[in-house]
Amino acid sequence: MDALKKGFSMAKDGVVAAAEKTKAGVEEAAAKTKEGVMYVGTKTKEGVVTSVNTVAQKTTEQANTAGDAAVTGANQLSEETVKGLESVVASTGLVNLAAAPQKEEAVEQPSDAGQ
């Protein structure tokens, strides 16, 4: 009978030891899982912030490019308009461009004060 008690006692101690190791293993696994999840969450958050910043930067760059193109286009349009107006004025004889001053000055309009 003592042998059985001793055998069961040893078996019980083994089960307790295994349970304690299992509990410690489960706790360690839970801690590692939590650590991994937190790491992934942090990296995901950093990735989202980086992605948002990248999109914002690209949008700003595109807006600047579009703005530059609009300014360039407006400048070209105004230059062509001025050239066209000069051509019209010259062809109608309103102003003799050859006799006109070389630098741009305000052209005074004749006043209608005498009428």
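A salt bridge links Glu46 to Lys43: at least one charged side-chain nitrogen sits closer than 4.0 Å to a carboxylate oxygen.
Taken from CD in Gln76 to OG1 in Thr81, the straight-line distance is 11.5 Å, to the nearest 0.5 Å. We find the OG1-CG distance between Thr59 and Asn64 to be 11.0 Å, quoted to the nearest 0.5 Å.
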Legend entry - side chain to side chain contact (heavy atoms under 4.5 Å, CB included) evaluation trace for Glu61 with Lys58: CA-CA 5 Å; Glu61 289 172 3; Lys58 292 293 183 187; 3.7 Å; yes
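When all heavy atoms are compared, the tightest approach of Ser78 to Asn75 is OG-O, 2.8 Å.
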